[in-house]
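Worth saying up front: this structure is predicted, and the values here are computed from it rather than measured. Lettering of chains follows the sequences in order, A, B, ..., and the numbering in each one begins at 1. Side chains are part of it too, since the values below use all heavy atoms of this structure and drop only hydrogens, waters and symmetry mates.
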There are 2 protein chains.
Amino acid sequence: MTKQLKNIKPVDTGSLVDKVEVRLLAFFKENNLKPGDAIPKELDFAESLGVSRTVVREALLRLRTLGLVESKKHRGMILKQPDIINNFERIMDPTLLGENTLKQLFEFRLILEMGMADFLFENRTQKDMDELEEIVETGEATDTGKIRFTLDKEVAFHGKLYQISKNETLQRFQGLLLPVFEYVYLKETENTDLDEYHYTTGTFVTHRMLLDNLKIGTPETFRNAMRRHLEPHFDHILKKGQP
Amino acid sequence: MTKQLKNIKPVDTGSLVDKVEVRLLAFFKENNLKPGDAIPKELDFAESLGVSRTVVREALLRLRTLGLVESKKHRGMILKQPDIINNFERIMDPTLLGENTLKQLFEFRLILEMGMADFLFENRTQKDMDELEEIVETGEATDTGKIRFTLDKEVAFHGKLYQISKNETLQRFQGLLLPVFEYVYLKETENTDLDEYHYTTGTFVTHRMLLDNLKIGTPETFRNAMRRHLEPHFDHILKKGQP
DNA sequence: TTCATTAAATATGTATAACATAATACAAAA
DNA sequence: TTTTGTATTATGTTATACATATTTAATGAA
């Protein structure tokens, strides 16, 4: 093992693009540029920073990828209101994410559904309730017990809930989590008989009961109902830790 | 207004880089490449796809920015397990996010804290409780009523809660939300006298009470306590919609 | 003058060639 | 065996040229 020398620090080995990216961000801040404002052209940056256009271009490309900058083709670039969610979409591929991340994202979803009750009660409209009613009815009518259909019903019902929250960021986030959810859900139900929960425990809460609760209940009662509705998932994910 | 011609589709105006990015992703999938695997070099891609190295390089740079690919300097590139959270960090700047997004992110945080109860009770350890105890004590000892200190206490206490959840993704997400939270919190408390809530409503729940609840309560009681603890924020954000 | 067309200027998009640099492997020397 | 030198290789960086679409200005016909 090589000995670590003292009184000598490693030289800066970071790439030019890294540095330029930082300088660009600093430039935006210093000049107090806001979304919508135009930014200087690539060549001007290149000259001022003393690097090639390529380097500036690559740094700008990063910011574009992050959604911080938008390039109007052949015209110039402007600062953009960064789209938080957009970047996730390209990489949220369950097959590329690790087991651990998947589990945490699944937990994340459970947390969201448990926590959104107040916003549901605050923002629900009659139209929302009617639509939810229809979703529940359709679900009950087509109750074949097949897992695939069960999943579709789940997605439709819970997706509608997110919609009712009227929080667009939350909604889009749920859209991202959906593939993860389906992925985990299908794996989870592989060896589990959901009917066991549905019909034997007696405490299982159906979509119908959740809907009724949303009509006449309170955030507090709804949370408790939701907790019991999600019981199988909680059971599954909490047991997973202990062998 | 120009009439829309039939039987003729607009030409593909998307950039080459866009197309190459898609092709690269498809390539990874088709060849079943997993994180850690090496990928062909830029020039090989360029030749096979019939475009310049520049284009391939820009497409790869995007994937690198998204964290899907890692470049070993001067050696080659490998697929990487994408880091969901990392991309947020660079753009999560409250001064660049719109009013509406900020509000939604603040709501998001409320939802998380309301929803995480089960995981707190499941994963808490004695060590966690001791540390939380100390945080609460320090908070009580330095209760000066100054908003800045109040904020620090909030951050310390609630940050510890996220830690107890043992969900790393959640924790890092909260880390991202922190600047947003502070930003909104300070604006929110500008014109509000928090003491009003603390001392007059009578139902306000302190950190001490939350801690006690976490010791001897259940997820259900904890959620109710947390809801009352967050009451000022809920009030503020829910009232905001109506003038 | 008014309107349509043309032309010039401009900034990004793409292509090509060349060299710099660092990681690695392997050979040569101590 | 250990160190040092060297060739190889893929990315990092620079430079230059051209393509293309948008804007602006100029031009010319009614």
Measure [atom1]/[X] against [atom2]/[N] and give the value in whole Å, please.
X: B:Asp44; N: D:dT9; atom1: CG; atom2: P; value: 12 Å
X: B:Glu47; N: C:dA15; atom1: CD; atom2: C1'; value: 14 Å
X: B:Asp18; N: C:dT14; atom1: CG; atom2: C1'; value: 13 Å
X: A:Leu49; N: D:dT13; atom1: CG; atom2: P; value: 14 Å
X: B:Leu43; N: C:dA17; atom1: CG; atom2: C1'; value: 11 Å
X: B:Ile78; N: C:dA23; atom1: CD1; atom2: P; value: 15 Å
X: A:Lys72; N: D:dT22; atom1: NZ; atom2: C1'; value: 12 Å
X: B:Ile39; N: D:dA10; atom1: CD1; atom2: P; value: 13 Å

Nearest of D:dA10, C:dA11, C:dT14 to any side-chain atom of B:Lys41?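 Out of D:dA10, C:dA11, C:dT14, the nucleotide with an atom closest to B:Lys41's side chain is D:dA10.
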Can you name the nearest heavy-atom pair linking A:His158 to A:Leu230, along with the distance?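 Looks like CE1-CD2, 4.4 Å.
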Return the minimal non-hydrogen interatomic distance between B:Pro179 and B:Gly175, and the atom names on each side.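 Shortest heavy-atom separation between B:Pro179 and B:Gly175 comes out as CD-O, 3.5 Å.
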Count the heavy atoms of every other residue, nucleotide or ligand shown that sit under 6.0 Å from CD of B:Glu133, and state whether that count exceeds 12.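 More than 12 within 6.0 Å, yes.
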For B:Arg124, does the CZ atom sit with more than 12 other heavy atoms under 6.0 Å from it, leaving out its own atoms?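 Counting other residues, nucleotides and ligands, CZ of B:Arg124 exceeds 12 neighbours.
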Cationic N near anionic O, under 4.0 Å, [X] to [Y]:
X: A:Asp18; Y: A:Arg62; value: yes
X: A:Arg57; Y: B:Glu58; value: yes
X: A:Lys103; Y: A:Glu107; value: yes

Can you give me the N/O atom pairs linking the protein to nucleotides 14-17 of chain D at distances under 3.5 Å, or say none if there are none?
residue : atom : partner : partner atom : Å
D:dT14  : OP2  : A:Ser52 : N            : 3.2
D:dT14  : OP2  : A:Ser52 : OG           : 2.9

What residue among B:Thr54, B:Val51, B:Leu49, B:Val56 forms side-chain contact (heavy atoms from CB on, under 4.5 Å) with B:Leu16?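 Testing each of B:Thr54, B:Val51, B:Leu49, B:Val56 against B:Leu16, the sole residue satisfying side-chain contact (heavy atoms from CB on, under 4.5 Å) is B:Val51.
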So, OP1 or OP2 of D:dG12: does either fall under 4.0 Å of a side-chain N or O from B:Arg64?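 Checking B:Arg64 against D:dG12: at least one side-chain N or O falls below 4.0 Å of OP1 or OP2.
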Does a side-chain N or O of A:Arg75 approach OP1 or OP2 of D:dT23 to a distance below 4.0 Å, or not?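 True: A:Arg75 side-chain N/O within range (under 4.0 Å) of D:dT23 OP1/OP2.
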Counting the atoms with a prime plus P, OP1 and OP2 as sugar-phosphate, which does B:Glu58 contact under 4.0 Å by heavy atoms, base, sugar-phosphate, or nothing?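 B:Glu58: no heavy atom of the nucleic acid under 4.0 Å.
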Under a 3.5 Å distance rule, please check whether B:Ser48 uses its side chain to pair with a backbone N or O of B:Phe45 as donor and acceptor.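 Side chain of B:Ser48 to backbone of B:Phe45, a donor-acceptor pair under 3.5 Å: no, none is there.
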So if I take the C1' atoms of five pairs at each end of the helix from C:dT1-D:dA30 to C:dA30-D:dT1 and get each local axis, what angle do the two axes make, rounded to 10 degrees?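 Roughly 10° between the end axes, to the nearest 10°.
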